[in-house]
Amino acid sequence: AEVQFGAVKVGELTTRRVMLRARDGVAFAVTTTEVGGVRVTSSPTTPAAVRWVEIGFRSDAAGPIDQPLTLATTHPKSPTVTLRLCGLGG
């Protein structure tokens, strides 16, 4: 899945909310809180089959943004979920 950040001013934090859903209905938690300067928060805080994840990204340079973000989860069949972060720093 792709998360579009659009235009991101260098040094400013931009956030997006993404919904993650377990197709099999198994409750899970997202255990990642930060990866490579990308901040991740998840709600609800207890395991659930549907989770909202807020991703906070801060561009450190002008130019295209295209990087993977791999989230660790407690789901037995999907221990990781990879999202593609896209945008333009400037």
Side-chain angles (χ1 to χ4, degrees):
E2 183 177 286
V3 181
Q4 263 306 329
F5 280 87
V8 179
K9 290 184 179 181
V10 173
E12 288 190 12
L13 181 68
T14 302
T15 60
R16 295 288 183 266
R17 272 185 96 196
V18 177
M19 184 178 66
L20 301 179
R21 178 187 313 251
R23 290 183 182 159
D24 59 7
V26 172
F28 68 98
V30 175
T31 58
T32 304
T33 57
E34 186 169 336
V35 176
V38 178
R39 184 185 50 139
V40 178
T41 55
S42 177
S43 64
T45 55
T46 56
V50 176
R51 307 201 65 79
W52 284 98
V53 177
E54 185 172 285
I55 301 167
F57 179 79
R58 188 180 316 270
S59 175
D60 58 1
I65 300 161
D66 187 357
Q67 75 179 62
L69 172 65
T70 300
L71 304 175
T73 78
T74 60
H75 193 283
K77 294 181 182 174
S78 298
T80 61
V81 175
T82 300
L83 305 171
R84 189 169 148 234
L85 307 183
C86 300
L88 183 64

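Note that these values count all heavy atoms, side chains included, but never hydrogens, waters or copies made by symmetry.
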**Report entry** Working for side chain to side chain contact (heavy atoms under 4.5 Å, CB included), residues Lys77 and Asp24
**Finding:** CA-CA 9 Å; Lys77 294 181 182 174; Asp24 59 7; 3.8 Å; yes
How long is the straight-line distance from [atom2] of [Y] back to [atom1] of [X], given to the nearest 0.5 Å?
{"X": "Thr14", "Y": "Arg58", "atom1": "OG1", "atom2": "CZ", "result": "9.0 Å"}
{"X": "Leu71", "Y": "Thr33", "atom1": "CG", "atom2": "OG1", "result": "10.5 Å"}
{"X": "Lys9", "Y": "Ser59", "atom1": "NZ", "atom2": "OG", "result": "12.5 Å"}
{"X": "Phe57", "Y": "Leu85", "atom1": "CZ", "atom2": "CG", "result": "6.5 Å"}
{"X": "Thr73", "Y": "Leu20", "atom1": "OG1", "atom2": "CG", "result": "8.5 Å"}
{"X": "Arg17", "Y": "Thr15", "atom1": "CZ", "atom2": "OG1", "result": "9.5 Å"}

Query raised in the report: Is Thr31 reaching over with its side chain to a backbone N or O of Ala72, donor-acceptor style, under 3.5 angstrom?
Result: yes
Report task. Would you check, one step at a time, whether the test side chain to side chain contact (heavy atoms under 4.5 Å, CB included) holds for Glu54 with Arg39? Result -> CA-CA 8 Å; Glu54 185 172 285; Arg39 184 185 50 139; 4.0 Å; yes
Query raised in the report: Once the angle between the rings of His75 and Phe28 is folded into 0 to 90°, is it parallel (under 30°), tilted (30 to 60°) or perpendicular (over 60°)?
Result: perpendicular
I need the minimum non-hydrogen distance between [X] and [Y], along with the two atoms involved.
{"X": "Ala49", "Y": "Gly25", "result": "CB-O, 3.5 Å"}
{"X": "Ala61", "Y": "Val10", "result": "C-CG2, 3.6 Å"}
{"X": "Arg16", "Y": "Gln4", "result": "NE-O, 3.0 Å"}
{"X": "Ile65", "Y": "Gly89", "result": "CD1-N, 3.5 Å"}

**Report entry** Name of the residue among Val40, Val3, Leu69 meeting side-chain contact (heavy atoms from CB on, under 4.5 Å) with Val53
**Finding:** Val40
